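Before any comments, here is the structure.
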Amino acid sequence: MIKVTTPSRICLFGEHQDYLGLPVLAMAISLRSEIKFLKRSDRIVKIKMPDIKDEQIFDLDNLRYEHNRDYYKSGVKVCMESGMQFSQGFECEIRSDIPIQSGLSSSSSIVVGWINFLSKICDQKKEISNYQIAELAYRAEVLEFNEPGGMMDQFSTSYGGLIGIDTSSKNVEQFNLDLGTIIIGDSNERKNTLSILERCKKERLSIIDRIKKIDPAFNLRISVFDDISCDLSDSEAQLIQATLDNRDIYNQAEIEIRKKVVDLKKIGKLLIKHHENLSKGLRVSTAKIDNMLNASMEAGALGGKITGSGGGGCMFVLSTEDPLKIVSAIKKNGGKAHIVKMDTGTYLA
């Protein structure tokens, strides 16, 4: 029996920046999804999802999408377009211990695993790279449905470990650095990922377009806020200031992680600054997540932030102290805690 397992991820730096063409730093973590498979003699694909008590059945000869985010069909479609062939259908079971709609890339983990899985069971087994898996997953999940998200989720869950992604060039760099104990705090507040991504993306792209019409030299990668000559409302100025601040925070973090000896306390402080911009500037945090984060800091965390699109979901913190104190603090504030570690990317188990 073939089994493919794929991690979830947290975004350390560059949250809500990847779809603007700015770099991100992300880490795969040890909450994972898993796909098991058996072949059939017909052209039918049957997918069992016992964790959510759901099932999908479709024919390989009819890949017409029946709803937005019809990822299993889109995954088969983009794999076929890349040259893979499937003469027989199959049955599979998908399980996951990743909280759903919580900012940990539960859907991307499954799509990346799905692409990796399809490459292993197609008529002529293909050895494709982590980069190719991520690109096909990005096509299946984002481009096929014209979704507003970026490519961080697909690349981080495909590669695993700690990676930096330059989203404008699609260059991926892996860092040999372990940030130690990570505690995830799930607020149990479910979120609407697409609406938040669309709001944050559209608002800023519209403002940036106005700025560039007045100043064509404006560049998100290098321009500073004080040089902007376009008239902005207070809320617009706050949004662009937070975006440029988070760009600078990413640059500071990248410099630090390249050092032979990394100052985890400095990384923690930068995470807190990043969260403040996400909470106050982009308005994607919630009172509950802010409270969980503050309580974690009081319990000894080095720093942390919300992860994912926001509006609910999860936060995380780094710690060199007893993680159980932080777990207790999260629980006292109504959250659910997971102690995790950095983990490997998608692979055939």
Side-chain angles (χ1 to χ4, degrees), residues 8-17 24-27 29-31 98-99 101-105 179-193 196 199-200 235 238-239 241-250 252-253 256-257 262-342:
S8 51
R9 69 94 189 96
I10 54 174
C11 175
L12 293 163
F13 298 99
E15 196 81 74
H16 277 285
Q17 305 281 80
V24 296
L25 189 68
M27 177 185 288
I29 59 172
S30 54
L31 296 171
I98 308 168
Q101 292 182 315
S102 295
L104 298 177
S105 255
L179 295 178
T181 302
I182 302 159
I183 301 96
I184 304 292
D186 186 351
S187 69
N188 296 310
E189 298 173 309
R190 299 285 76 84
K191 60 195 184 65
N192 189 328
T193 300
I196 295 169
R199 172 181 65 81
C200 289
S235 62
Q238 187 179 45
L239 195 57
Q241 178 76 73
T243 301
L244 298 180
D245 282 351
N246 283 341
R247 173 204 65 191
D248 295 340
I249 288 168
Y250 172 92
Q252 294 173 58
E256 186 61 35
I257 67 170
V262 176
D263 185 345
L264 290 182
K265 289 184 178 180
K266 183 173 183 179
I267 294 294
K269 289 178 181 178
L270 290 172
L271 286 170
I272 290 295
K273 288 183 179 179
H274 192 3
H275 177 82
E276 288 173 354
N277 283 324
L278 293 167
S279 181
K280 297 175 183 177
L282 272 68
R283 309 182 307 280
V284 298
S285 189
T286 68
K288 186 174 183 179
I289 288 174
D290 288 346
N291 289 339
M292 289 164 54
L293 186 56
N294 290 334
S296 298
M297 294 297 295
E298 291 175 4
L302 296 175
K305 57 177 279 294
I306 192 170
T307 186
S309 60
C314 291
M315 45 70 74
F316 72 89
V317 292
L318 308 182
S319 177
T320 56
E321 302 296 325
D322 180 3
L324 295 181
K325 291 181 181 179
I326 297 171
V327 168
S328 177
I330 290 170
K331 289 180 177 178
K332 284 180 181 178
N333 281 271
K336 183 178 180 180
H338 306 267
I339 299 174
V340 300
K341 61 181 180 179
M342 185 171 71

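FYI, the numbering just counts along the sequence from 1. Owing to the predicted nature of the structure, the values given are computational and were not obtained by experimental measurement.
In this structure a side-chain-to-backbone donor-acceptor pair under 3.5 Å is missing from Lys266 to Glu256. Between the side chain of His274 and the backbone N or O of Asn246, no donor-acceptor pair lies under 3.5 Å. Checking side-chain atoms of Ser296 against main-chain N and O of Ala301 turns up no donor-acceptor pair under 3.5 Å. In this structure, the side chain of Gln101 does not engage the main chain of Thr193 through any donor-acceptor pair within 3.5 Å. Judged purely by atom type and a 3.5 angstrom limit, Ser105 has no side-chain atom pairing as donor or acceptor with the backbone of Ser8. A donor-acceptor pair under 3.5 Å links the side-chain atoms of Arg9 to the main chain of Gly103, judged by distance alone. In this structure a side-chain-to-backbone donor-acceptor pair under 3.5 Å is missing from Lys305 to Phe13.
Residues Gln17 and Thr243 have side chains in contact (heavy-atom distance under 4.5 Å, counting atoms from C-beta outward). The shortest side-chain heavy-atom distance between Ile326 and Ile339 does not fall under the 4.5 Å cut-off. Counting heavy atoms from C-beta on, the side chains of Ile257 and Leu12 never come closer than 4.5 Å. Side-chain atoms of Ser187 and Lys336, non-hydrogen and from C-beta on, never get closer than 4.5 Å to each other. Residues Thr181 and Leu318 have side chains not in contact (no heavy-atom distance under 4.5 Å, counting atoms from C-beta outward). At a threshold of 4.5 Å between non-hydrogen side-chain atoms, the residues Ile272 and Leu293 count as touching.
Summarising the geometry of Thr307 relative to Cys11, their closest heavy-atom pair is OG1-N, 3.1 Å, with the distance given to 0.1 Å. Nearest heavy-atom pair across Ile306 and His275 is N-ND1, 3.1 Å. Across all non-hydrogen atoms, the minimal contact from Val24 to Gly14 is CG1-O, 3.2 Å. In terms of heavy atoms, Leu282 sits closest to Ala242 at CD1-CB, 3.8 Å. Here the closest non-hydrogen pair linking Ser309 and Lys191 is OG-NZ, 2.8 Å. Residues Cys314 and Ile184 approach most closely at SG-CG2, 3.8 Å, considering heavy atoms.
Within the model, atoms CD of Gln252 and CZ of Arg247 stand 11.0 Å from one another, a figure rounded to the nearest 0.5 Å. Rounding to the nearest 0.5 Å gives a distance of 14.0 Å between CD1 of Ile249 and NZ of Lys269. The distance from atom CG of Leu302 to atom CG of Leu270, rounded to the nearest 0.5 Å, is 12.0 Å. Going from atom CD1 of Ile183 over to atom CE of Met292 covers 11.5 Å, rounded to the nearest 0.5 Å. One finds the CD1 atom of Ile196 at 7.0 Å from the CZ atom of Arg199 (value rounded to the nearest 0.5 Å).
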- [ ] Test side-chain contact (heavy atoms from CB on, under 4.5 Å) on Met342 and Leu179 and set out the steps.
- [x] CA-CA 8 Å; Met342 185 171 71; Leu179 295 178; over 6 Å; no
Open item on the list: side-chain contact (heavy atoms from CB on, under 4.5 Å), that's the test. Do Glu189 and Ile289 meet it? Break it down for me.
Closed with: CA-CA 9 Å; Glu189 298 173 309; Ile289 288 174; 4.1 Å; yes
TODO: Please lay out, stage by stage, how Ser285 and Leu278 fare under the test side-chain contact (heavy atoms from CB on, under 4.5 Å).
DONE: CA-CA 7 Å; Ser285 189; Leu278 293 167; 5.9 Å; no
Open item on the list: Test side-chain contact (heavy atoms from CB on, under 4.5 Å) on Leu104 and Phe316; report intermediate values, then the result.
Closed with: CA-CA 10 Å; Leu104 298 177; Phe316 72 89; over 6 Å; no
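Applying the 6.0 Å contact sphere to NZ of Lys273 captures no more than 12 heavy atoms from other residues, nucleotides or ligands. In Lys325, the NZ atom is not crowded: 12 or fewer heavy atoms of neighbouring residues, nucleotides or ligands sit closer than 6.0 Å.
No hydrogens or angles considered: nothing links the side chains of Asn291 and Asn333 as a donor-acceptor pair under 3.5 Å.
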